[in-house]
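A quick note: this is a predicted structure, and the numbers were derived from the prediction, not measured. Values reported hereafter were calculated over all heavy atoms of this structure, with side chains retained and with hydrogens, waters and symmetry mates removed.
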Amino acid sequence: MLQKVLLVWVLAWTVIAFALMGIDKAKAKRHKQRIPEKMLFLSAILGGSVGSLVGMSLFRHKTKHWSFRIGMPGILLVQVALLLLWSFRHYVWVV
């Protein structure tokens with residue numbers, strides 16, 4: 001049950017983060033009010049890191065910003081590490 005909830009959560013935030021990247025790129029082209037970078041990072045932290053990375057690549061958005069080039073893959077790595085730790089929590093011995 002928890003796995004299904006987690007999967008839906010991650011899928012939803014992946015779609016949201018991807019959409020936010022696309023929307024922000026479109027707003028940038030039209031010189032409109034932008035989505036704050038904090039919101040883009042928050043959407044990745046909440047589970048949408050894959051969507052953020054795909055959006056960055058597909059829309060060619062924020063790819064020159066070091067905070068995004070390093071931060072988004074970093075967030076994904078931390079999330080994968082946490083998922084692996086949680087998945088193997090019964091097999092890890094803590095001294």
Scan residues 3-17 for pairs that pass salt bridge (Lys or Arg N to Asp or Glu O under 4.0 Å), counting only residues two or more places apart or in two chains.
none

Mark yes or no for whether Ser43, through its side chain, and Leu40, through its backbone, hold a donor-acceptor pair below 3.5 Å.
yes

Do any pairs count as a salt bridge (Lys or Arg N to Asp or Glu O under 4.0 Å) and have a residue in residues 43-57, sequence neighbours left out, and if so which ones?
none

Can you give me every donor-acceptor pair (side chain of residues 8-15, partner residue at least two apart or in another chain, under 3.5 Å) with its distance?
| residue | atom | partner | partner atom | Å |
| --- | --- | --- | --- | --- |
| Trp9 | NE1 | Leu46 | O | 2.6 |
| Thr14 | OG1 | Val10 | O | 2.7 |

Show which side-chain atoms of residues 62-80 pair as donor or acceptor with protein atoms under 3.5 Å away, not counting sequence neighbours.
| residue | atom | partner | partner atom | Å |
| --- | --- | --- | --- | --- |
| Lys62 | NZ | Glu37 | OE2 | 2.9 |
| Arg69 | NE | Thr63 | O | 3.4 |
| Gln79 | OE1 | Ser49 | OG | 2.5 |
| Gln79 | NE2 | Ala44 | O | 2.9 |
| Gln79 | NE2 | Ile45 | O | 3.1 |

Determine yes or no for a side-chain-to-main-chain donor-acceptor pair under 3.5 angstrom, with Ser57 supplying the side chain and Leu53 the backbone.
no

Measure the spacing between CG of Leu2 and CH2 of Trp86 and express it to the nearest 0.5 Å.
4.5 Å

Nearest-0.5 Å distance that lies between atom CG in Leu20 and atom CG in Leu42:
9.5 Å

For Gly48 and Ala17, work out which heavy atoms get closest and say how close.
O-CB, 3.2 Å

According to side chain to side chain contact (heavy atoms under 4.5 Å, CB included), who are the partners of Lys32, at least two apart in sequence or on a separate chain?
Lys27, Arg30

Output all residues satisfying side chain to side chain contact (heavy atoms under 4.5 Å, CB included) with Phe59, sequence neighbours left out; order by chain, then residue number.
Phe18, Met21, Lys25, His61

Partners of Arg34 by side chain to side chain donor-acceptor pair (under 3.5 Å), sequence neighbours excluded?
Asp24

Salt bridge (Lys or Arg N to Asp or Glu O under 4.0 Å): pairs with one or both residues in residues 40-60, sequence neighbours excluded:
none

